Amino acid sequence: MADIPPWQRLLALLAYLLPWSDGLPFGRSLFGLFPALQWLSLPALPVVMLQQMVPFGGFLLFLALYLAVVRNQRVPYYVRFNVLQAILLDIVLVVISLAFSILLSPLGGGFAARTLSNTVFLGVLVLVAYAVVQCVRGKEADIPSVSDAVRMQLY
């Protein structure tokens, strides 16, 4: 793989703010226990504000990224790969969030629900951190199954 320019690395890195912004609500109970973790939410604030202030902001951001970046052949492959991977991670998080609201809402804020929520948050934290480090290095973040799906879509 050729050396990836810094501007492509930065754009690819910024794409992972989308799944990070949707993973933050899973960490609410951890934020209460460890207030220092709240600093991790700062990078995602612009995306969270867009999603809350603009009607259907999350959906519009998804469409903009998918149509303007992923399907645009003039955008470098490295950026398209990371944006699509971030979108797929975000879709998984939205499905998990819906499952939590339907299946775990009868449990309230019980121990099991908090534990599952914390596990999802920590998983998202690890995945996003790994992807960001790989973007800084100029490498593709190889996430099992997700990266394979991205490669199938881009070729």
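These figures come from a predicted structure and were not determined experimentally. No hydrogens, no waters, no symmetry mates; every other heavy atom, side chains included, goes into these values.
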Check: residues 80-99 side-chain donor-acceptor pairs under 3.5 Å, at least two apart:
| from | atom 1 | to | atom 2 | distance (Å) |
| --- | --- | --- | --- | --- |
| R80 | NE | V75 | O | 3.4 |
| R80 | NH1 | V70 | O | 3.2 |
| N82 | OD1 | Y16 | OH | 2.8 |
| N82 | ND2 | Y78 | O | 2.9 |
| Q85 | OE1 | S147 | OG | 2.6 |
| Q85 | NE2 | Y16 | OH | 3.0 |
| Q85 | NE2 | A141 | O | 3.0 |

Would you be so kind as to tabulate the donor-acceptor pairs closer than 3.5 Å made by side chains of residues 6-14, with sequence neighbours excluded?
| from | atom 1 | to | atom 2 | distance (Å) |
| --- | --- | --- | --- | --- |
| R9 | NE | I4 | O | 3.0 |
| R9 | NH1 | V136 | O | 2.9 |
| R9 | NH2 | D3 | OD1 | 3.0 |
| R9 | NH2 | I4 | O | 3.3 |

Q: Can you sort out the partners of R151 under salt bridge (charged side-chain N to carboxylate O under 4.0 Å, His left out), two or more places apart, ordered by chain and number?
A: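 E140, D142, D148.
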
Q) Applying the 4.5 Å side-chain criterion to the ILVMFWY set and letting contacts propagate, would F56 and L67 be lumped into a single cluster? A)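 Yes, it is one cluster - the side chains of F56 and L67 are joined through contacts under 4.5 Å.
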
(Q) Let me check something: do L24 and L33 share a hydrophobic cluster, defined by ILVMFWY side-chain heavy atoms less than 4.5 Å apart, either directly or through other members? (A)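 The answer is yes; both residues are in one hydrophobic cluster.
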
Q) Tell me the side-chain hydrogen bond (donor to acceptor under 3.5 Å, both in side chains) pairs involving residues 42-67, sequence neighbours left out? A)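 Every side-chain hydrogen bond (donor to acceptor under 3.5 Å, both in side chains) pair that includes a residue of residues 42-67, provided the two are not neighbours, is Y66-R71.
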
Q.
To the closest 0.5 Å, what do you measure between CG (L30) and CG (L40)?
A.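 Spacing of CG (L30) from CG (L40) equals 10.5 Å.
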
Q. Say you draw a straight line from CG of L60 to CG of L50; how long is it, rounded to the nearest 0.5 Å?
A.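 That separation rounds to 8.0 Å.
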
Q) Mind checking what makes ring pair (Phe, Tyr, Trp, His ring centres under 6.0 Å) contact with F121, not counting sequence neighbours? A)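 Result, ring pair (Phe, Tyr, Trp, His ring centres under 6.0 Å) vs F121: W20, F31.
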
Q. Listed by chain and number, what are the side chain to side chain contact (heavy atoms under 4.5 Å, CB included) partners of T119, not counting sequence neighbours?
A.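 Listed in chain order: T115.
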
**Q.** Sequence neighbours excluded, every pair satisfying ring pair (Phe, Tyr, Trp, His ring centres under 6.0 Å) that has a member inside residues 126-145
**A.**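 Every candidate ring pair (Phe, Tyr, Trp, His ring centres under 6.0 Å) pair involving residues 126-145 fails, so no pair, neighbours aside, qualifies.
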
Q) Which other residues end up in the same hydrophobic cluster as L42, if Ile, Leu, Val, Met, Phe, Trp and Tyr are linked when side-chain heavy atoms come under 4.5 Å apart? A)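 W39, L45, all in the cluster of L42.
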
